[in-house]
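Here is the structure we will look at, set down as structure tokens.
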Amino acid sequence: MTRRILIAGNWKMNLTLADSMALVEGLKKEAASVSQVDIAVCPPSVYLQPVAAALKGTNISVGAQNAYFEGNGAFTGEISMAMLCDIGCKYVILGHSERRNILGESSELVNLKTHAALAVGLTPIVCVGELLKEREANQTENVIRRQFDGSFSGVSAENMKKCVIAYEPVWAIGTGKVATPDQAEEVHQAIRKMIEKNYNKEVAEAVVIQYGGSVNDKNAQEILAKPNVDGALVGGASLKVEPFMGIIKSA
Ligand code: PGA
């Protein structure tokens, strides 16, 4: 198995420029000796460029939290995938539940963005996850399948291998209610089966599937120990050096 663990910090709409730069400097020092884990930070778009410049040549990559699918043109307020590449981004988070649920992003839109990201060589981190009421109605797998099929429609096997999937149960995001390692593993396994069904076993084994939702330095080790959990997408605990490094070290 050649999958590498990916720990990515999703800063969401937090931090000032000064906070961001201080966090980056702290992480740079602490993470310099880490070689077995891939690390990324995803700052708000206005801080992407200074953060990417500060992290150039280090082992910490930079990702955006969103971008638009069109190449350029009259799309006020949007940023293109090529612009992200231009300033040194490697990743782009797509279809985060906050974008799906607060801003009404559909899997069809996520699909257009996934294709656009792949076309310029960005690695999409495509988020999927069920609401609490969907889990309680035993709909978890159906919801994830719809999001998976919709978000990756038309993506070739070669490109699918380059994608990262983040399983983020919506009820676990920012709530302190982390999924149990077994709950996470069950869904991660189901996602890997979906990839195998739509593609093949080789592709399924290659795709990095992160868990996200209230991951911190105390619970990360147990979750990351599961065979199908290949990393974490971390919100709250990625805003300070110590907890984020704790998660990286436990990986
Ligand atoms: P959280 O957020 O770690 O604060 O729960 C995770 C995410 O939404 O990516």
Side-chain angles (χ1 to χ4, degrees), residues 5-15 19-20 23 27 37-45 47-48 51 60-67 89-105 107 110 113-114 117 123-132 134-135 140 143-144 147-148 151 163-181 183-184 187-188 191 208-224 226 229-251:
I5 296 282
L6 171 61
I7 306 293
N10 173 11
W11 297 358
K12 307 191 180 183
M13 199 173 72
N14 291 299
L15 305 180
D19 294 338
S20 302
L23 176 53
L27 290 176
V37 178
D38 289 336
I39 307 168
V41 292
C42 304
S45 58
Y47 306 145
L48 278 170
V51 166
I60 305 175
S61 303
V62 179
Q65 299 173 16
N66 176 44
C89 287
K90 178 169 183 204
Y91 299 96
V92 59
I93 299 173
L94 297 177
H96 188 279
S97 66
E98 284 144 23
R99 299 205 61 85
R100 290 183 190 264
N101 297 314
I102 302 172
L103 293 149
E105 271 196 20
S107 289
V110 175
K113 293 181 175 190
T114 301
T123 299
I125 300 177
V126 177
C127 303
V128 296
E130 81 287 2
L131 301 168
L132 182 60
E134 293 165 337
R135 173 163 282 265
T140 299
V143 170
I144 308 281
Q147 291 173 339
F148 173 80
S151 304
C163 295
V164 173
I165 298 175
Y167 168 56
E168 300 205 307
V170 180
W171 48 271
I173 296 178
T175 58
K177 261 194 242 161
V178 64
T180 65
Q183 280 175 324
V187 178
H188 282 233
I191 294 171
V208 168
I209 308 176
Q210 296 178 301
Y211 169 78
S214 296
V215 175
N216 59 38
D217 46 340
K218 314 233 163 21
N219 59 31
Q221 196 164 11
E222 248 197 320
I223 298 172
L224 292 167
K226 290 292 176 186
V229 178
D230 311 316
L233 185 55
V234 185
S238 73
L239 298 174
K240 290 203 171 113
V241 175
E242 208 183 61
F244 193 55
M245 279 312 304
I247 295 167
I248 291 166
K249 283 178 184 156
S250 55

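All residue numbers refer to positions in the sequence shown, counting from 1. Predicted, not measured: the structure shown is a model, and the values here were computed from it. Start at 1 and go down the list; that is how both ligands and their atoms are numbered.
Within the 4.5 Å cutoff, the side chain of E134 has no heavy atoms near those of the V170 side chain. The side-chain heavy atoms of E98 and I173, taken from C-beta on, include a pair separated by under 4.5 Å. Annotation: side chain of H96 is in contact with side chain of E168 (closest heavy-atom distance under 4.5 Å).
Between G63 and L48, the closest heavy-atom pair is O-CD2, 3.4 Å.
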Under 3.5 Å: N or O atoms of ligand 1 paired with protein N or O:
residue	atom	partner	partner atom	Å
ligand 1	2 (O)	K12	NZ	3.2
ligand 1	3 (O)	S214	N	3.4
ligand 1	3 (O)	G235	N	2.8
ligand 1	4 (O)	G236	N	2.9
ligand 1	5 (O)	G174	N	2.6
ligand 1	5 (O)	S214	N	2.7
ligand 1	8 (O)	K12	NZ	2.7
ligand 1	8 (O)	H96	NE2	2.6
ligand 1	9 (O)	H96	NE2	3.3
ligand 1	9 (O)	E168	OE1	3.3
ligand 1	9 (O)	E168	OE2	2.7

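The only member of I125, V92, N10 that meets side chain to side chain contact (heavy atoms under 4.5 Å, CB included) when paired with Q65 is N10.
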Quiz: residues 243-251 side-chain donor-acceptor pairs under 3.5 angstrom, not counting sequence neighbours:
residue	atom	partner	partner atom	Å
S250	OG	G246	O	3.1
S250	OG	I247	O	2.9

